[in-house]
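Everything on this sheet refers to the single structure shown next.
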Amino acid sequence: MTEATIEIAGAGPAGLTAAISLAKAGRDVIVHEAYKEVGYRFGNTYQDFQGLENWTTEQDILELFEQQGITTDFATLACYRGTAFDYKQRQYDISSKKPLFYMLERGPGPRTLDTALLKQAQSLGVEIRFNSRLKTLSGQGIMAGGPKAADAISAGYHFATEMEDGYWVICDDNLAPKGYAYLLIMDGMGTVKSCMFDDFKQEKKYVERTVAAFEELVGLKMIEPKSHAGIGNFYIPDTACNQQYRMVGEQAGFQDTLWGFGMRLVMSSGLLAAQSLLTGESYDQLWRQQLKPQMDASVVNRCIFSLLGNKGYGWFLRKQSQGDARHSLRKEYRHSLMKKVLHPWAKRYYLSRRAQ
């Protein structure tokens with residue numbers, strides 16, 4: 001390996017995580033960001049709330065970040081308890097002894113994940129070039145340009161509110177086809193969205209229904225709501241690298257195909273790409289060993305969930321409410337023998353729009 005400067009295209013969580021890992025190892029790193037600041041895809045005047053899942057490993061995700069040398073200096077809300085509803089508005093209490101997920105902010109604001117990763121990278125000497133779109137690489141590097149197709153969209157509002165902190169979910173195809181609607185509240189701000197996996201042309205209708213449902217069920221009150229939408233791309237590539245660069249994050253298709261809880265996969269791919277550049281190990285071999293089993297299981301889960309429909313969502317929610325939801329979801333996300341048997345069927349049934 002030479003000590004040439006490593007270039008990274010994209011200052012999202014995957015690109016910045018890779019940059020941090022490389023800089024910690026003493027490498028010179030330049031990150032090219034096409035927009036004027038980090039988190040720009042979430043809008044430059046406000047933030048968005050997302051969930052960092054904490055169920056796929058026994059170890060807490062924030063503890064894991066600290067072990068990996070990744071900052072945890074961003075605002076979070078540990079989510080132990082929440083409420084879910086099915087299409088008949090039946091209520092299910094979801095709880096876990098340890099945080100099921102951490103609510104966090106995305107975007108360019110002072111408390112966001114994006115800003116925290118940017119500050120850590122810069123403190124390690126990483127050069128960030130904003131308004132710089134890297135089209136070609138002269139040497140080895142990493143491509144972290146974000147999703148390339150829309151397999152799911154989440155649309156709704158970010159707003160101020162007087163509601164208490166918490167999370168609420170509705171599984172109803174009338175609000176979010178083959179997906180779910182969600183409401184997240186933290187520190188006087190909130191996000192309400194329909195996360196839909198089908199019928200994108202009716203986005204406005206589903207958002208209106210989602211807002212009305214949360215107003216009725218939990219008394220949603222929005223102050224100065226601002227509309228926002230994003231996309232998710234779920235795709236398992238044959239290879240995520242060539243002789244010059246590694247692809248990470250959603251540019252490679254690394255995501256949770258079931259529900260879009262993919263931040264852990266995205267950031268893990270950045271760490272593995274950095275490891276590959278530092279050690280000369282095969283990047284494809286690394287991500288296939290450490291990430292692909294979960295991704296394969298999520299494809300099976302997506303196919304099963306899509307087939308359940310409204311009548312089946314109640315069964316699923318009831319199952320999650322009968323014990324520790326964190327333990328239950330960890331089992332769902334494992335690439336078990338049953339998941340392996342069903343995987344060939346799921347690969348035929350589910351086709352990413354990126355592959356069409």
Side-chain angles (χ1 to χ4, degrees), residues 8-22 31 33-35 38-42 47-57 61-62 64-65 68-72 74 76 101-107 112-118 120-121 141-154 195 230-237 240-241 245-277 283-284 286-299 302 333 352 354:
I8 299 175
L16 288 175
T17 299
I20 290 165
S21 183
L22 291 164
V31 177
E33 172 52 48
Y35 296 106
V38 294
Y40 192 80
R41 63 185 283 198
F42 296 96
Q47 282 68 59
D48 185 45
F49 288 153
Q50 293 185 350
L52 176 64
E53 62 91 349
N54 193 42
W55 58 73
T56 51
T57 60
I61 182 60
L62 296 185
L64 183 61
F65 277 2
Q68 295 170 332
I70 302 302
T71 182
T72 58
F74 47 88
T76 62
F101 67 93
Y102 287 94
M103 196 185 306
L104 54 78
E105 289 183 274
R106 296 293 311 279
T112 68
L113 170 68
D114 305 82
T115 297
L117 292 173
L118 172 66
Q120 184 181 19
I142 294 173
M143 303 299 287
K148 298 303 179 185
D151 293 315
I153 64 173
S154 60
C195 184
I231 68 171
N233 181 208
F234 318 116
Y235 177 77
I236 303 178
C241 62
Y245 62 82
R246 282 79 169 150
M247 288 189 296
V248 299
E250 286 192 270
Q251 177 158 354
F254 297 154
Q255 251 287 7
D256 164 34
T257 310
L258 176 56
W259 287 327
F261 279 85
M263 270 188 287
R264 182 190 284 221
L265 285 169
V266 162
M267 295 172 72
S268 294
S269 70
L271 291 172
L272 294 177
Q275 178 181 335
S276 172
L277 287 171
Y283 175 51
D284 277 338
L286 288 171
W287 72 259
R288 286 170 185 161
Q289 289 176 344
Q290 299 188 40
L291 306 183
K292 192 172 184 293
Q294 179 186 333
M295 293 167 65
D296 286 344
S298 75
V299 172
R302 162 53 32 199
Y333 274 71
S352 169
R354 183 169 175 173

* Between S21 and L271, is there a donor-acceptor pair closer than 3.5 Å when you use the side chain of the first and the backbone of the second? -> no
* Asked: Would you call W287 and P237 a side-chain contact if the rule is heavy atoms closer than 4.5 Å?
  -> yes
* Distance-only, no hydrogens or angles: does the R302 side chain make a donor-acceptor pair with backbone N or O of T257 under 3.5 Å? -> yes
* Asked: Taking all atoms of both residues into account, what is the closest heavy-atom pair of Y333 and A297, and its distance?
  -> O-CB, 3.6 Å
* Asked: Who passes side-chain hydrogen bond (donor to acceptor under 3.5 Å, both in side chains) against W55, sequence neighbours left out?
  -> none
* **Expected output: side-chain S298 to main-chain D256 donor-acceptor under 3.5 Å** => no
* Asked: Going from CG on D48 to OG1 on T112, what distance comes out if it is rounded to the nearest 0.5 angstrom?
  -> 11.0 Å
* Where is the tightest heavy-atom contact between A273 and R246, given as atom of each residue plus distance? -> CB-CB, 4.0 Å
* Asked: Who pairs with E33 by side-chain hydrogen bond (donor to acceptor under 3.5 Å, both in side chains), at least two apart in sequence or on another chain?
  -> none
* Asked: Can you check side chain to side chain contact (heavy atoms under 4.5 Å, CB included) on L272 and V248, steps first, answer last?
  -> CA-CA 9 Å; L272 294 177; V248 299; over 6 Å; no
* To do: Answer yes or no: is there a side-chain heavy-atom contact under 4.5 Å between E105 and F74?
  => no
* Do you know which two heavy atoms are closest between G260 and F234, and how far apart they sit? -> CA-CE2, 4.1 Å
* When you look at OH of Y283, are more than 12 heavy atoms from neighbouring residues, nucleotides or ligands closer to it than 6.0 Å? -> yes
* Nearest 0.5 Å, what's the CD1-CG distance between I61 and L64? -> 5.0 Å
* To do: State the CG-CG distance between D114 and L104, to the nearest 0.5 angstrom.
  => 9.0 Å
* Structure fact -> To the nearest 0.5 Å, atom OG1 of T71 lies from atom CG of L16 at 11.5 Å
* Structure fact -> Note: Y245 and I142 closest approach over all heavy atoms is CB-N, 4.4 Å
* How many angstroms lie between atom CE of M267 and atom OG1 of T17, to the nearest 0.5 angstrom? -> 3.5 Å
* Y35 atom OH, over 12 foreign heavy atoms within 6.0 Å -> no
* **For I231 against A149, the heavy-atom pair lying closest together** => CD1-O, 3.7 Å
* **L22 CG to Q275 CD distance, which is reported to the nearest 0.5 Å** => 11.0 Å
* Would you check, one step at a time, whether the test side chain to side chain contact (heavy atoms under 4.5 Å, CB included) holds for R106 with F49? => CA-CA 6 Å; R106 296 293 311 279; F49 288 153; over 6 Å; no
* Structure fact -> In terms of heavy-atom contacts, F101 and M103 come closest through CD1-N, 3.9 Å
* Could you walk me through whether Q294 and L265 pass side chain to side chain contact (heavy atoms under 4.5 Å, CB included), step by step? => CA-CA 9 Å; Q294 179 186 333; L265 285 169; 3.9 Å; yes
* **Derivation of the side chain to side chain contact (heavy atoms under 4.5 Å, CB included) call for V299 and D296** => CA-CA 5 Å; V299 172; D296 286 344; 5.5 Å; no
* Side-chain donor/acceptor of E53 to backbone N/O of F261, under 3.5 Å -> no
* Asked: Under a 4.5 Å cut-off applied to non-hydrogen side-chain atoms, are T57 and R264 in contact?
  -> yes
* Do the side chain of N233 and the main chain of D151 share a donor and acceptor less than 3.5 angstrom apart? -> no
